[in-house]
S.K.: 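Questions regarding the structure given below will be posed in turn.
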Amino acid sequence: MNQNLDKKQARFQGENTSHRLGHIASNLARLRTFCDTAYPEAVKSVTDETICFIEWTAAEIEPEYAEELVNIQVQLARWRLTFDSIWSDGSERRNMSEQASAWSEQVLDMSGLLSESI
């Protein structure tokens, strides 16, 4: 398992910061979508991966962006600790979904990827 994580980390950190932020934004968008499914394991998996992606990125970006990412990471970790109660409460799942969506847009904006394509 650790070997797979090491490979994933090496591959992820081989990308430029903008693309890494894009992956984080994409994962957050997946969280939003997966909250509306019957697959809690998918939500857990993407949450765990996103926590790692943030860890592997935050130290290499501007401090104000790093702070925002770390705040997201902390909330994701809190969700993981109380996941079962969140998943069983429709209102809490909706809140999780809406927050993940807002973060996705925020991180995508941080990445600068949308302005690159103009």
Side-chain angles (χ1 to χ4, degrees):
M1 168 109 170
N2 283 341
Q3 189 176 19
N4 287 339
L5 187 60
D6 290 343
K7 287 180 183 178
K8 183 179 273 192
Q9 180 178 3
R11 194 171 46 248
F12 183 77
Q13 288 184 307
E15 299 212 22
N16 69 42
T17 334
S18 291
H19 287 131
R20 285 193 241 169
L21 290 168
H23 288 301
I24 293 168
S26 179
N27 269 11
L28 292 166
R30 281 188 197 96
L31 278 179
R32 181 207 61 219
T33 301
F34 291 161
C35 282
D36 297 332
T37 70
Y39 301 106
E41 293 306 316
V43 176
K44 290 178 186 179
S45 176
V46 172
T47 299
D48 291 343
E49 182 179 72
T50 306
I51 288 169
C52 290
F53 284 179
I54 291 172
E55 179 180 327
W56 301 333
T57 304
E60 299 178 25
I61 61 175
E62 292 127 33
E64 61 274 7
Y65 289 159
E67 180 180 8
E68 291 177 44
L69 283 183
V70 170
N71 289 337
I72 293 169
Q73 183 184 41
V74 167
Q75 185 57 48
L76 291 172
R78 285 184 180 140
W79 285 347
R80 282 296 280 128
L81 290 173
T82 59
F83 183 78
D84 291 336
S85 64
I86 291 171
W87 193 257
S88 64
D89 182 332
S91 175
E92 288 297 314
R93 271 172 67 182
R94 270 188 304 284
N95 290 341
M96 183 181 192
S97 174
E98 290 167 7
Q99 185 61 66
S101 180
W103 285 335
S104 176
E105 290 177 27
Q106 178 184 0
V107 175
L108 185 58
D109 186 50
M110 244 188 257
S111 76
L113 290 172
L114 293 180
S115 61
E116 286 180 8
S117 62
I118 295 176

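None of the values given here were measured: they were computed from a predicted structure.
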S.K.: Which ILVMFWY residues can you reach from V74 by hopping between side chains whose heavy atoms are under 4.5 Å apart?
M.R.: V70
S.K.: Who are the side-chain contact (heavy atoms from CB on, under 4.5 Å) partners of A66, not counting sequence neighbours?
M.R.: A58, I61
S.K.: To check you understand the geometry: which heavy-atom pair defines the closest contact between S111 and L21, and what is its length?
M.R.: CB-CB, 3.6 Å
S.K.: Please find the pair of heavy atoms, one from T37 and one from W87, that lie closest to each other, and give the distance.
M.R.: O-CZ2, 3.3 Å
S.K.: Which heavy-atom pair separates S104 from A25 by the least distance, and what is that distance?
M.R.: OG-O, 2.7 Å
S.K.: Among residues two or more places apart or on two chains, list those pairs meeting side-chain hydrogen bond (donor to acceptor under 3.5 Å, both in side chains) that have a residue in residues 46-59.
M.R.: K8-E49, N27-E49, N27-T50, D48-R80
S.K.: Say you draw a straight line from NE2 of H23 to OG of S18; how long is it, rounded to the nearest 0.5 Å?
M.R.: 11.0 Å
S.K.: According to side-chain contact (heavy atoms from CB on, under 4.5 Å), who are the partners of T33, at least two apart in sequence or on a separate chain?
M.R.: none
S.K.: Would you please classify the geometry between the F12 ring and the F53 ring as parallel, tilted or perpendicular, with 30° and 60° separating the classes?
M.R.: parallel
S.K.: Mind checking ring pair (Phe, Tyr, Trp, His ring centres under 6.0 Å) for Y39 and listing every partner two or more places apart, or none if nothing turns up?
M.R.: none
S.K.: Just to verify, what does E41 make a salt bridge (charged side-chain N to carboxylate O under 4.0 Å, His left out) with, not counting sequence neighbours?
M.R.: K44
S.K.: Can you name the side-chain contact (heavy atoms from CB on, under 4.5 Å) partners of E62, sequence neighbours left out?
M.R.: E64, Y65
S.K.: For S26, give me all partners under side-chain hydrogen bond (donor to acceptor under 3.5 Å, both in side chains), at least two apart in sequence or on another chain.
M.R.: R30
S.K.: Please identify each residue that fulfils salt bridge (charged side-chain N to carboxylate O under 4.0 Å, His left out) with R20, with sequence neighbours left out.
M.R.: E60
S.K.: Please give me the minimum heavy-atom distance between L31 and A100, naming the atom from each residue.
M.R.: CB-CB, 3.9 Å
S.K.: How would you list, by chain and number, every residue that makes a side-chain hydrogen bond (donor to acceptor under 3.5 Å, both in side chains) with D84, sequence neighbours excluded?
M.R.: none
S.K.: Name all residues meeting the side-chain contact (heavy atoms from CB on, under 4.5 Å) criterion together with D89; count only those two or more places apart in sequence or in a different chain, and write none if there are none.
M.R.: S91, E92
S.K.: Which residue pairs pass the side-chain hydrogen bond (donor to acceptor under 3.5 Å, both in side chains) test when at least one of the two sits in residues 66-79, sequence neighbours left out?
M.R.: E68-Q106
